[in-house]
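Structure first, then comments.
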Amino acid sequence: MSVRRILSVWFPRLGAERLLRRMGPVEDVPFAVVRDTGQMQVVSSLSATAEAAGVRVGQPLRDAHAICGQLATRLQNPQAEADFLQALSRWAGRFSPWVAVDGRDGLMMDITGCTHLFGGEAAMVARMVGEAEALGLSARCGLADTVGAAWALARYAGVAPGHERSGDAIDQEARATRSRAAKKRHWERGGAAPLPGGAGTDLPGIAPPGKAYTLLAPLPVAALRLEPGQAEALARVGLRRVGDLLGQPRAPLARRFGRGLVLRLDQAVGAAPEPVSPAGEVPRFATRLTLPEPIGLTDDMLAGLDRLVPRLCELLRDKGQGARRVRLQAWRVDDTMQWLDAGLARAADEPDRIRPLLAHRIEEIDAGFGIEMLRLEAVQTEALHPRTMTGHMEAAAANRARLDGGAQMDDLIGRIGGRLGMETITRRHPVGSHVPEKTAQVLAAAWSEPAGPWPAPAAPRPLLLWRPEPVMAPDAPRLAGEFRWRGRTHRLAEARGPERIAPEWWLDDPDWRSGVRDYWQVITEAGERLWLFYAHGAALSSGWFCQGRFA
């Protein structure tokens with residue numbers, strides 16, 4: 001049986017080189033792609049020239065301009081980058097049929113049994129890198145027996161581990177201290193870990209079968225795909241290389257740094273399975289309108305929307321699908337794009353239900369120097385089943401009216417949810433529980449059906465319910481002539497009860513640790529109708545409490 005071989009392809013400059021391909025040849029101009037992060041713009045991708053000038057990914061744009069005054073920038077388009085990466089996955093399908101998108105800038109391929117078609121593993125990797133360069137893309141490959149090892153070699157092969165500025169590293173000490181420390185034969189605790197064979201800059205990206213352990217050991221711990229902050233936490237205790245972790249007991253590592261670190265270690269060395277799962281071909285429902293002249297007025301964008309929405313609905317109707325979320329993209333003449341999303345409470349393929357959700361937000365799009373293309377896509381779809389009216393004419397009319405009323409409610413939820421968010425609109429549903437505060441649950445209105453008839457309670461329930469509040473009264477199962485609640489003294493006029501309710505014995509509810517309750521409907525001389533109960537005591541002491549008020 002052949003050994004499983006995984007190839008990771010990383011495009012470190014995907015965002016910048018995607019735009020450079022469209023812009024054509026640029027004469028050594030430093031180029032960067034920036035993204036908005038609240039109050040500032042941050043560099044997200046760089047060209048090779050900009051990186052050589054000293055600009056780094058993650059820098060604020062103002063710092064990047066201070067380092068390189070000739071830096072040219074463009075705004076990031078994450079949707080276009082994702083589509084471009086999907087196109088690259090189809091290109092990589094010529095090397096292996098098992099290709100999956102890995103994050104925002106990489107591909108993961110299972111090439112088991114495919115390398116002999118290209119002259120071996122090294123020839124296959126060289127051909128893939130060469131074809132990527134012909135496409136104007138920089139590519140780095142890592143080949144190993146596991147997904148984690150291939151990912152690490154593609155991104156960190158030849159990278160020496162760094163360290164945090166903790167004050168105990170040798171290269172952070174004074175010059176005299178460093179000169180004395182250099183005479184020591186062994187590595188001092190806290191300094192940068194030595195790499196076998198020098199600085200380790202010539203590590204290959206191809207690990208022979210069964211040799212991933214040896215090539216992973218000198219890499220920095222960030223090569224394990226750790227969560228944010230874990231690499232810094234490991235560096236603070238002197239664990240900077242993968243080899244420093246491979247020899248450690250798993251239990252102490254899991255207790256201090258979490259089970260995720262141990263899982264990543266096991267996946268890298270093959271002790272835990274991690275399959276390559278390529279996404280299936282998903283049907284795309286989209287249409288676009290290319291304009292002969294740039295537009296910028298709201299009326300012009302609404303006119304374009306009137307053409308796009310019916311086309312999209314026809315595409316959906318042909319496949320028996322309904323749009324649950326739609327996205328309108330406005331491509332501007334400066335090769336940037338703005339978009340807006342709209343969600344529907346129910347999947348629909350009718351223009352009159354989709355257009356208003358986009359029309360009332362069309363002013364959020366900034367036309368800039370002009371919009372040259374509009375594109376409308378159904379991002380999320382669901383199957384729609386046709387309804388057939390049956391029965392007598394009156395029954396069909398009543399059914400049609402009921403369906404129309406439901407559609408109107410769904411449209412209202414969609415319009416309000418477009419402004420406030422779908423999760424903020426909720427509805428209550430009955431729940432089969434004898435505990436008063438658990439007889440209803442709150443569900444999102446967009447993902448639930450209207451509640452049917454509510455079951456009638458065994459006894460009247462108050463209009464308002466709150467958490468039990470203590471009542472000052474004699475500790476006895478029956479109320480006396482007066483009691484004190486919320487800082488006021490109430491005189492008893494009438495009391496009906498008791499209604500005994502026991503806690504759910506299969507659950508440990510902190511609110512019910514006072515044991516069995518006897519509920520009373522109490523009317524005071526001032527006319528207030530309260531819902532009081534006497535807790536007989538269990539894990540907590542007994543006493544009187546108020547939980548609600550009748551209308």
Taking the side chain as everything from C-beta on, heavy atoms only, tell me whether Val29 gets closer than 4.5 Å to Gln70.
no
CH2/Trp331: more than 12 non-hydrogen atoms of other groups inside 6.0 Å:
yes
Heavy atoms, side chains only, cut-off 4.5 Å: are Val309 and Leu376 in contact?
yes
Tell me if the CD atom of Glu364 is crowded by more than 12 foreign heavy atoms within 6.0 Å.
yes
Arg5 side chain reached by Thr115 side chain, heavy atoms, under 4.5 Å
no
Between Arg236 and Glu232, is the salt bridge (charged side-chain N to carboxylate O under 4.0 Å, His left out) condition met? List the steps.
CA-CA 6 Å; Arg236 282 194 292 269; Glu232 290 79 4; over 6 Å; no
Between Arg327 (side chain) and Glu377 (backbone), is there a donor-acceptor pair under 3.5 Å?
no
Kindly determine whether Gln86 and Val101 satisfy side chain to side chain contact (heavy atoms under 4.5 Å, CB included), including the steps that lead there.
CA-CA 7 Å; Gln86 287 288 348; Val101 174; 3.8 Å; yes
Can a donor-acceptor pair be found, under 3.5 Å and without considering hydrogens, that links the side chain of Arg74 to the backbone of Phe31?
no
For salt bridge (charged side-chain N to carboxylate O under 4.0 Å, His left out), just list the numbers for Asp102 and Arg225, CA-CA rounded to whole Å, side-chain angles, deciding distance to a tenth of an Å, and then say yes or no.
CA-CA 12 Å; Asp102 183 23; Arg225 300 173 293 171; 6.0 Å; no
Return yes when atom CZ of Arg317 has more than 12 non-hydrogen atoms of other residues, nucleotides or ligands closer than 6.0 Å, and no otherwise.
yes
Under 6.0 Å from the CD atom of Gln441, do we count more than 12 heavy atoms belonging to anything else shown?
yes
Please answer whether the main-chain N or O of Val33 pairs with a side-chain N or O of Ser44 as donor and acceptor at a distance below 3.5 Å.
yes
Write down the atom of Phe11, the atom of Gly106, and the distance for their closest heavy-atom approach.
CD1-CA, 4.5 Å
Which heavy-atom pair separates Ala150 from Ile6 by the least distance, and what is that distance?
CB-O, 3.5 Å
Could you check if a side-chain atom of Met128 sits within less than 4.5 angstrom of a side-chain atom of Leu7, using non-hydrogen atoms only?
yes
Does the His65 side chain pair with the main chain of Leu61, one donor and one acceptor, at a distance under 3.5 Å?
no
Just so I know, are the side chains of Arg375 and Met337 near enough to count as touching, which here means a heavy-atom distance under 4.5 Å?
no
Under 3.5 Å: donor-acceptor pair, side chain of Arg62, backbone of Met40
no
Please determine, by modelled atom types, if Glu17 and Ser138 share a side-chain donor-acceptor pair under 3.5 angstrom.
yes
Determine yes or no for a side-chain-to-main-chain donor-acceptor pair under 3.5 angstrom, with Ser96 supplying the side chain and Asp110 the backbone.
yes
Taking the side chain from Glu51 and the backbone from Leu46, do they hold a donor-acceptor pair closer than 3.5 Å?
no
Would one find more than 12 heavy atoms of other residues, nucleotides or ligands at under 6.0 Å from atom CZ of Arg21?
yes
Side chains of Gln76 and Arg35: is there a donor and an acceptor less than 3.5 Å apart?
no
